[in-house]
Amino acid sequence: MTFQAAIQQNSYPMPYPKDKDMETARNLMVDDQLRPSEITNLSLLSAMRELPRECCVMPDQQSVAYADITLPLSQGRVLPQPLLTARLIQAVMPVEKARVLVVGAATGYTAALFAALGANVTALESNTRLAEQGQNFCLQEALNVSWVIAPLNEGATDHAPYDVIYFDGAILHFPAFCAAQLSASGTMAGVMASPNKLAKAFVAMREPESASSFIVTNLFETQLPLLPDLAAPITFEF
C-alpha cells in the first residue's frame, strides 16, 4: 500500500518502515544544517535525529524531506524548513512538562518534536486532511499529543492556559484567543509577517499587568506562508 493510499483509507502501515537511507538523511540534517547553525540543545538534536520527518510530507516529497527547504503540503500549507523549526523551538526551551499549543499543527511534525521534549502538547488544526495524517503520525511517534480540529483563530480552550503557544506558520498579528489562553508567564513563538516588509521569527511574552499586550523579541528574518483563519482584523472579547 502506498503512503497516499494509506492516508485515504485511514490505515497507515504499522509501524512506519525504518528506511536506512532516511536515517542517514536525518543525521545529515542534524550534522550539516542544525549543529553548524547554533542548534545546541542535545535533547532537541536527538529528537530531530529520531522522528521520521518523511512521514509528515506528501508522498512525492519524501525524497527531499530532510533538505534545507520549506515543503508544500496542500491548500497553501507547508512544512517549514528544519532549521527554522529548530531555532524557534530552541528559543522557547526548556519545555519539559509545559503545556504547549501548536497552532496550525498540520501533519504533526512540530507537535511531535515538542512531545519528544517532554511537553504536554495540544495540536490545533483546521484542515481535516492534514490533521488526519498528523493524528496517525502522532499515534505512532508521540502519544502525548491531543488533537483539536477547529478554526485556528479560536485556539483550544480545553487545555488552556498554555505555557507556550507556537504558531507553525506565519501570522499578521496575535489572535484574540492568546489573551485568554496564554498563561501569565507563558511564551509565544512563530513568524510575524508584515505588509511590504520581510517576515521575522519572534518570541513574545505578556507585558507586566497587561491582559492583551505582549513584549516581542525579533530573532531573525525569514519567509513562511500565512496560516489560514488568522488574517482577519483582530478583536478582543472580555
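No hydrogens, no waters, no symmetry mates; every other heavy atom, side chains included, goes into these values. All figures in this text were calculated on a predicted structure; none of them were measured in a lab.
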Would you name the heavy atoms of [X] and [Y] that are closest together and state the gap between them?
{"X": "Glu54", "Y": "Arg26", "answer": "OE1-NH1, 3.2 Å"}
{"X": "Pro175", "Y": "Leu230", "answer": "CG-CD2, 3.8 Å"}
{"X": "Phe177", "Y": "Gly155", "answer": "CD2-N, 3.4 Å"}
{"X": "Phe137", "Y": "Ala112", "answer": "CE2-CB, 3.6 Å"}
{"X": "Gly104", "Y": "Asp168", "answer": "O-CB, 3.4 Å"}
{"X": "Ala142", "Y": "Ala115", "answer": "CB-CB, 3.8 Å"}

Pairwise side-chain contact, [X] with [Y], heavy-atom cut-off 4.5 Å (strictly under):
{"X": "Glu96", "Y": "Pro94", "result": "no"}
{"X": "Val100", "Y": "Tyr162", "result": "no"}
{"X": "Tyr109", "Y": "Met48", "result": "yes"}
{"X": "Ser194", "Y": "Lys200", "result": "no"}
{"X": "Ile89", "Y": "Leu117", "result": "yes"}
{"X": "Val102", "Y": "Phe114", "result": "yes"}
{"X": "Val216", "Y": "Met192", "result": "no"}
{"X": "Val92", "Y": "Asp163", "result": "no"}

> Can we call the ring centroids of Phe174 and Phe202 under 6.0 Å apart?
Replying inline: yes

> Can Ile149 and Thr128 be said to form a side chain to side chain contact (heavy atoms under 4.5 Å, CB included), step by step?
Replying inline: CA-CA 7 Å; Ile149 315 302; Thr128 55; 3.9 Å; yes

Does [atom1] in [X] sit with more than 12 non-hydrogen atoms of other residues, nucleotides or ligands closer than 6.0 Å?
{"X": "Leu143", "atom1": "CG", "answer": "yes"}
{"X": "Glu207", "atom1": "CD", "answer": "yes"}
{"X": "Arg49", "atom1": "CZ", "answer": "yes"}

Once rounded to the nearest 0.5 Å, what's the spacing between atom [atom1] of [X] and atom [atom2] of [Y]?
{"X": "Leu88", "Y": "Met188", "atom1": "CG", "atom2": "CE", "result": "13.0 Å"}
{"X": "Ile69", "Y": "Leu84", "atom1": "CD1", "atom2": "CG", "result": "13.5 Å"}
{"X": "Gln62", "Y": "Cys55", "atom1": "CD", "atom2": "SG", "result": "6.5 Å"}
{"X": "Asp31", "Y": "Leu45", "atom1": "CG", "atom2": "CG", "result": "8.5 Å"}
{"X": "Glu125", "Y": "Gln133", "atom1": "CD", "atom2": "CD", "result": "11.0 Å"}
{"X": "Leu152", "Y": "Asp229", "atom1": "CG", "atom2": "CG", "result": "4.5 Å"}

> Passes side chain to side chain contact (heavy atoms under 4.5 Å, CB included), Thr40 versus Arg35? Steps please.
Replying inline: CA-CA 6 Å; Thr40 58; Arg35 293 179 62 192; over 6 Å; no

Would a distance-only check, ignoring hydrogens and angles, find a side-chain to backbone donor-acceptor pair under 3.5 Å from [X] to [Y]?
{"X": "Gln181", "Y": "Ala156", "answer": "yes"}
{"X": "Gln90", "Y": "Glu38", "answer": "yes"}
{"X": "Thr107", "Y": "Cys56", "answer": "yes"}

> After noting the C-alpha distance and the side-chain angles of Met93 and Leu44, does the key distance pass the side chain to side chain contact (heavy atoms under 4.5 Å, CB included) rule?
Replying inline: CA-CA 9 Å; Met93 291 182 71; Leu44 177 57; 4.2 Å; yes

Do [X] and [Y] share a hydrophobic cluster, counting only Ile, Leu, Val, Met, Phe, Trp and Tyr and linking them when any side-chain heavy atoms are less than 4.5 Å apart?
{"X": "Ile215", "Y": "Phe167", "result": "no"}
{"X": "Phe214", "Y": "Met205", "result": "no"}
{"X": "Met58", "Y": "Leu51", "result": "yes"}
{"X": "Ile39", "Y": "Leu28", "result": "no"}

Distance alone, cut at 3.5 Å: any donor-acceptor contact between the side chains of [X] and [Y]?
{"X": "Gln81", "Y": "Asp68", "value": "yes"}
{"X": "Arg77", "Y": "Asn127", "value": "no"}
{"X": "Tyr66", "Y": "Gln33", "value": "no"}

>> side chain to side chain contact (heavy atoms under 4.5 Å, CB included) for Leu101 and His159? Distances and angles first, verdict last.
In response: CA-CA 9 Å; Leu101 174 65; His159 300 96; over 6 Å; no

